[in-house]
Amino acid sequence: MGQTAIEVCNLYKCYDKTTAVAGISFAIAQGSTCGLLGGNGAGKTTTLAMLLGLLLPTSGTIRVLDSDMVRNRYAVLPRINFTSPYVDLPHRLTVAQNLDVYARLYGVRARAKQLRRLAETFELGALWGRTYGSLSAGQRTRVALAKALLNDPEVLLMDEPTASLDPASAETIRAYLKDYQRRTGATVLLASHNMQEVERLCDDVLVLQRGRLLDRASPEALLRKYGRDTLEQVFIDIAQRPAS
Ligand SMILES: Nc1ncnc2c1ncn2[C@@H]1O[C@H](COP(=O)(O)OP(=O)(O)OP(=O)(O)O)[C@@H](O)[C@H]1O
C-alpha cells in the first residue's frame with residue numbers, strides 16, 4: 001500500500017445505551033476510493049462524523065493526512081471536505097451566496113473562477129439566484145457536491161452522495177468523481193446503499209455490521225468470497241446472516 005490518507009485504530013463511539021461503533025480499525029491508501037457499506041444503523045454516519053471531527057470518539061484514534069482528528073483537526077480541515085444528507089446549508093441564502101460563503105471559509109483562492117467552474121460542472125446556472133431552501137432534494141444534492149469540492153479536497157468523505165439524484169444526474173456525478181479522483185489523486189471514502197455505485201467507484205470496500213468491521217476487500221474479491229454475481233446479493237447475504 002502507498003501512503004496512508006486515513007488511519008483508524010480501535011475506534012469506539014458509545015451513546016447512552018447504544019454502541020454505534022465498536023472497535024474498528026482500518027487504513028485507507030492515498031488516492032484510493034473506499035466504500036463504507038452496512039445496513040441501517042451499522043455505524044457508517046457515526047464513523048464519517050468522527051473522521052470529520054464533528055463527533056468525538058469515546059476511545060480510539062483517527063489520523064487523517066497525518067493529523068490527529070481529536071487533538072489537531074484544524075490543521076487538516078482545510079484539506080478535506082464532505083457531503084452529508086444530515087448537514088444542511090443555510091436555507092435563506094441563494095446558491096451563489098452559500099457557495100461564496102463556504103469558499104471564503106475554506107480560503108479558496110481565485111474564488112470567482114472556482115465558483116464558475118463548479119456551477120458549470122454541477123449545472124447550477126439556472127439555480128444560482130434561487131434560495132437554497134426553495135430547491136428540490138436533488139438540486140440541493142448538486143449544490144452540496146459543489147460545496148464539497150470548493151477547496152479541491154485531498155480527502156473527500158461522502159455519505160450517500162447520489163441518494164436523491166435522478167439516474168442521469170447520478171451517473172454524471174459518478175463520472176465526475178471518478179475523473180476528479182484520477183486528476184487529483186484525492187482519497188475518497190463513500191458510504192452508500194447503492195451497490196452499483198460502489199462496484200463502479202470503489203477499489204476497496206469496508207463492511208460494517210452493528211458497529212464492527214465484518215469484512216474488507218475489493219468488490220471483485222467480495223463477489224468471489226460470497227459466490228455471488230452482484231454486490232447487492234452479497235449485501236443481502238451479509239444482512240440476513242446473524243451477527244456473531
Ligand atoms: N445521537 C445519537 N444518540 C443515540 N444513538 C445514536 C445517535 N446517533 C446514532 N445512534 C445510533 O448509533 C447506531 C449507528 O447509527 P448510524 O447513523 O451511524 O448508522 P448508519 O450506518 O449511518 O445507518 P443508516 O444507513 O440508517 O444511515 C444506530 O443504532 C443509531 O440508532
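Treat the numbers as computed from the prediction; the structure is a model and nothing was measured. Order of listing sets the numbers, starting from 1, for every ligand and every atom in it.
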Subset of ligand 1 atoms that lie under 4.0 Å from at least one heavy atom of [X]:
| X | value |
| --- | --- |
| Gly43 | 14 (C), 18 (O), 19 (O), 20 (P), 21 (O) |
| His193 | 25 (O) |
| Ala42 | 19 (O), 20 (P), 21 (O) |
| Asn40 | 23 (O), 24 (P), 25 (O), 26 (O) |

What protein heavy atom sits nearest [atom], and how far off is it?
| atom | value |
| --- | --- |
| atom 12 (O) of ligand 1 | Ala20 CB, 3.2 Å |
| atom 1 (N) of ligand 1 | Tyr15 CE2, 3.5 Å |
| atom 11 (C) of ligand 1 | Thr18 CG2, 4.0 Å |
| atom 27 (O) of ligand 1 | Tyr86 OH, 3.5 Å |
| atom 14 (C) of ligand 1 | Gly41 O, 3.4 Å |
| atom 25 (O) of ligand 1 | Lys44 NZ, 2.7 Å |

To atom 18 (O) of ligand 1, the nearest of Leu48, Thr19, Thr46 on a heavy-atom basis is Thr46
- Task: Can you figure out which of Leu208, Val21, Thr45 has its heavy atom closest to atom 17 (O) of ligand 1?
- Result: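 Considering heavy atoms of Leu208, Val21, Thr45, the nearest to atom 17 (O) of ligand 1 sits in Thr45.
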Sorted by chain and number, sequence neighbours left out, salt bridge (Lys or Arg N to Asp or Glu O under 4.0 Å) with Asp215 holds for Lys225
Between [atom1] of [X] and [atom2] of [Y], what distance do you get to the nearest 0.5 Å?
| X | Y | atom1 | atom2 | value |
| --- | --- | --- | --- | --- |
| Asp203 | Ser32 | CG | OG | 5.5 Å |
| Tyr106 | Leu150 | OH | CG | 8.0 Å |
| Ile28 | Leu36 | CD1 | CG | 8.0 Å |

Shortest non-hydrogen contact from His193 toward Asn40: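 What the structure gives for the nearest pair is NE2-ND2, 3.7 Å.
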Checklist line | Close side-chain approach of Leu156 and Leu149, heavy atoms under 4.5 Å | finding: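 Side-chain contact under 4.5 Å: yes.
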Quiz item: With a 4.5 Å heavy-atom cut-off, do Leu51 and Ile6 have their side chains touching?
Solution: yes
message: With a cutoff of 4.0 Å, is Gly39 in contact with ligand 1, counting heavy atoms of the residue only?
response: yes
**Item:** Cation-pi check, Arg216 onto Phe26 ring (under 6.0 Å, within 45° of axis)
**Value:** no
Within 45° of the six-membered ring axis of Phe122 and under 6.0 Å from that ring's centre, is NZ or CZ of Lys147 located there?
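Cation-pi check for Lys147 and Phe122: fails.
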Would you say atom 30 (C) of ligand 1 makes contact with the protein, given that contact here means a non-hydrogen protein atom less than 4.0 Å away? no
